[in-house]
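Side chains included, hydrogens not; waters and symmetry mates left out as well; all remaining heavy atoms used. Sequence positions, counted from 1, serve as the residue numbers for this chain. Worth saying up front: this structure is predicted, and the values here are computed from it rather than measured.
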Amino acid sequence: MSKTLNLLIAILLIVFSGCKSENDSSYEADLIIYGGTSAGITAAVQAKKMGKTVIVVSPDIHLGGLSAGGLGFTDTGDKSVIGGLSREFYHRVYMHYQNDSAWKWQKREDYGNKGQGTPAIDGNARTMWIFEPHVAEMVFEDFVREHEITVLRDEWLDRETGVVKEKGKIISFKTLSEKTFKGKVFIDATYEGDLMAAAGVSYHVGRESNETYGETWNGVQVGVFQHRHYFKEPVSPYVIPDDPNSGLLPEISDLPPGKNGEGDQRLQAYNFRMALSQHPDNRVPFPKPENYDPKRYELLARVFESGWDETFDKFDDIPNLKTDTNNHGPFSTDYIGKNYSYPEASYEERKMMIKEHEDYQKGLMYFLANDQKVPAKVKEEISKWGLAKDEFMDNGNWPHQIYVREARRMIGDYVMTEHDVLGRKEVPKSVGMGSYSLDSHNVQRFVTEEGFVQNEGDIGVHPENPYSISYGTIVPKKQECENLLVPVCVSSSHTAFGSIRMEPVFMILGQSAATAAALAIDGNMAVQDLTYEKIQARLKADGQVMVLEERLK
């Protein structure tokens, strides 16, 4: 029996094995976690380790969020500050790839460290940071099975009337299927922050102005080019080159970009992290979307005409002759400017937006593989690639998770800003560490005063050292909610979140949130009233790294 079939059977068994209370629609546990992301599953594991009953209510069928949804080329930053269950996840990935059976499409000795910034396989630490999507999902399912965690899937929060609060506490919430979940403490582990918002907790969407927190890299950033995702050569944005009367090409905004440093409601772009294969027996030709229109990609054709030749620079190698393919260049897989309303959108509206992203990205790949305006050398190389046949098998080999790089961000007990991330101030009450750069993808594509097309919003400022993340970033203000923790849509500015928003950090914060939840339950107190020393002692005992001096060797 194949590993994929075993995984599907395991999913079905867990789906139908939820522990119910007195009736089929009412569930109760010490801790209720909304969201089956990497943060949600690590939180559930930690809660079980601390002797608490826990239920994961997951809108998604597949567990692990982006880690199992195509983001296999992990943005680790400094790996020495990744501890606890987060490191355990990457250790289990390492152990999987020690098996000869894990290498179906490639010899183990042909894959390894290729000078890509971080070692794929860290043998001394027995960790592996780069992996196939189905392997990550398998690890999360193993966590669930081993710890006997109850998971209910395809359960969507009733965002309008589903949350019941009394005296500043969430008592329960209801899903659209009329199931009710009652708990002592709740965790919102979603990328969107839906439970947090429905519970009346303050949050922000978009970019703050630089004045808001005295920052430099927030707000509009016209003319700031810190990566390679901009138009290096002048490219006309008009249907007829240099003729404004002919109208704009697709995928270009007709609105002014705003003044540098101003805040706005724009979000950094989303995309899908595709798992592509170059093995002839494990690749599927890029499909042609039903509404495919090559004119949509005319701007990319002009980028090629300008001499740009970086098409394959982010086809990052993962095992078995596959890639985690990410956005790269001025016109790529990021669907720039088409996600602004996503955080507040209804489920149906989000579904439509996700489909639009999918159609755009599938159309892009089909264009690269087939259009006559694509340089011959690009078409020749792209012909070696296709969707990985053995990934996302129940979704047409397409990732089941869109990359929600940023949605809502809580305004909580403590707001992390670039000053914290860049080491300009001491961070209080650390519950974990981050280290990645202040990283935002482009937010908009517009016409410059000179009449050319340009992107805006892409920044990448590197901290000198790893930084601590405050407990206050994962708890709301006490007057808003006393029994909720938020380890994904954390309390931070747009710039700070650009660094915090990495999957290893979400797993770190998921574990820390569950630790605080369990201690709050034990003490029968608000999560804001916990003695930090108790949280710190338990996290340290469980291998969490909270300050530089605790770095793992």
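By the salt bridge (charged side-chain N to carboxylate O under 4.0 Å, His left out) test, Lys355 is found to be paired with Asp359, residues two or more places apart in sequence or in another chain being considered. Residues passing the side-chain hydrogen bond (donor to acceptor under 3.5 Å, both in side chains) test with Glu192 are Tyr342, sequence neighbours excluded. Applying the side-chain hydrogen bond (donor to acceptor under 3.5 Å, both in side chains) criterion to Tyr467, with sequence neighbours excluded, gives Ser499. Here Thr190 pairs with Asp188 under the side-chain hydrogen bond (donor to acceptor under 3.5 Å, both in side chains) rule; sequence neighbours left out. In this view, Glu344 and Tyr203, Arg408 satisfy the side-chain hydrogen bond (donor to acceptor under 3.5 Å, both in side chains) rule, not counting sequence neighbours. Listed by chain and residue number, Phe225 satisfy the ring-ring contact (aromatic ring centres under 6.0 Å, His included) test with Tyr230 (two or more places apart in sequence, or in another chain). Every residue meeting the side-chain contact (heavy atoms from CB on, under 4.5 Å) condition with Leu255, not counting sequence neighbours, appears here in chain and number order: Ser253.
Judged by distance alone, with hydrogens and angles left aside, the side-chain atoms of Ser306 form a donor-acceptor pair with the main-chain N or O of Val303 at under 3.5 Å. Judged by distance alone, with hydrogens and angles left aside, the side-chain atoms of Ser341 form no donor-acceptor pair with the main-chain N or O of Ala345 at under 3.5 Å. A side-chain donor-acceptor contact under 3.5 Å links Arg409 to the backbone of Gly206. A donor-acceptor contact shorter than 3.5 Å is absent between the side chain of Thr473 and the backbone of Ser491. Under the 3.5 Å distance criterion, the side-chain polar atoms of Asn442 are matched with a main-chain donor or acceptor of His229. At least one donor-acceptor pair closer than 3.5 Å links the side chain of Arg445 to the backbone N or O of Pro330. Judged by distance alone, the side chain of Gln226 and the main-chain N or O of Ile459 form no donor-acceptor pair under 3.5 Å. The main-chain N or O of Pro257 is found under 3.5 Å from a side-chain atom of Gln444 such that the two form a donor-acceptor pair. When atom types are taken as modelled, the side chain of Gln454 and the backbone of Phe231 share a donor-acceptor pair closer than 3.5 angstrom. Looking at Asp316, its side chain never comes within 3.5 Å of a backbone N or O of Phe73 through a donor-acceptor pair.
A salt bridge links Lys338 to Glu251: one of the charged nitrogens lies within less than 4.0 Å of a carboxylate oxygen. Lys373 has no carboxylate O lying under 4.0 Å from a charged side-chain N of Asp371, or vice versa, which leaves the two without a salt bridge. Salt bridge status for Glu262 with Arg207: absent, with no side-chain N to carboxylate O gap under 4.0 Å.
Taking the six-membered ring wherever Trp is involved, the centroid distance between the rings of Phe140 and Phe89 falls below 6.0 Å. For Trp398 and Phe392, the ring centers are positioned 6.0 Å apart or more. Aromatic pair Trp385/Phe315: centroids less than 6.0 angstrom apart.
Ala275 and Pro133 get closest at one heavy-atom pair: CB-CG, 4.1 Å. Heavy-atom minimum distance, Ile382 versus Leu368: CG2-O, 3.6 Å. When all heavy atoms of Leu438 and Thr495 are compared, the closest pair comes out as CD2-O, 3.1 Å. Closest non-hydrogen pair, Val427 versus Ser470, comes out as CG1-N, 3.5 Å. Across all non-hydrogen atoms, the minimal contact from Ser86 to Pro504 is OG-O, 3.0 Å. Minimum heavy-atom separation, Thr311 to Val378: OG1-CG2, 3.9 Å.
Side-chain N/O atoms of Glu380 and Ser383 include no donor and acceptor closer than 3.5 Å. No side-chain donor-acceptor contact under 3.5 Å links Ser346 and Glu348. Side-chain contact annotation: Glu406 with His494, donor-acceptor N/O pair under 3.5 Å present. Side-chain atoms of Glu215 and Asn210 include no donor-acceptor pair closer than 3.5 Å.
Note on residues 222-242: pairs passing salt bridge (Lys or Arg N to Asp or Glu O under 4.0 Å), not counting sequence neighbours, are Arg228-Glu310, Arg228-Asp313, Lys232-Glu310. Pairs engaging residues 466-480 under the salt bridge (Lys or Arg N to Asp or Glu O under 4.0 Å) rule: Lys478-Asp529 [sequence neighbours left out]. For residues 421-431, the salt bridge (Lys or Arg N to Asp or Glu O under 4.0 Å) pairs, not counting sequence neighbours, are Glu418-Arg424. Within the structure, ring-ring contact (aromatic ring centres under 6.0 Å, His included) pairs that include any residue of residues 348-370 comprise Tyr292-Tyr366, Tyr297-Tyr360, Tyr297-Phe367, Tyr335-His357, Tyr335-Tyr360 (at least two apart or interchain). The stretch residues 485-512 participates, sequence neighbours left out, in these salt bridge (Lys or Arg N to Asp or Glu O under 4.0 Å) pairs: Asp439-Arg501.
Of the listed residues (Lys295, Arg302, Arg296), just one forms a salt bridge (charged side-chain N to carboxylate O under 4.0 Å, His left out) with Glu298, and that residue is Arg302.
Within the 4.5 Å cutoff, the side chain of Val235 has no heavy atoms near those of the Phe452 side chain. Contact check for Phe173 versus Leu195: side-chain heavy atoms found under the 4.5 Å cut-off. Val239 places none of its side-chain heavy atoms less than 4.5 Å from the side chain of Leu248. By the 4.5 Å heavy-atom criterion applied to side chains, Glu391 and Glu132 are counted as neighbours.
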Please test His400 against Asn395 for side-chain hydrogen bond (donor to acceptor under 3.5 Å, both in side chains), starting from the C-alpha separation and ending with a verdict. CA-CA 7 Å; His400 41 68; Asn395 197 44; over 6 Å; no

Take Asp78 and Arg551 through the test salt bridge (charged side-chain N to carboxylate O under 4.0 Å, His left out) and record every step on the way to the result. CA-CA 10 Å; Asp78 187 328; Arg551 283 196 213 196; 3.0 Å; yes

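One finds the OG1 atom of Thr323 at 10.5 Å from the CZ atom of Phe312 (value rounded to the nearest 0.5 Å). In this structure, CG in Asp264 is found 14.0 Å from NZ in Lys259, a value given to the nearest 0.5 Å. Note that CG of Leu157 and OG1 of Thr175 are 8.0 Å apart. Values are rounded to the nearest 0.5 Å.
Ring planes of Phe497 and Phe506: tilted class, angle from 30 to 60°.
For CD of Glu464, the number of neighbouring non-hydrogen atoms (other residues, nucleotides, ligands) closer than 6.0 Å is 12 at most.
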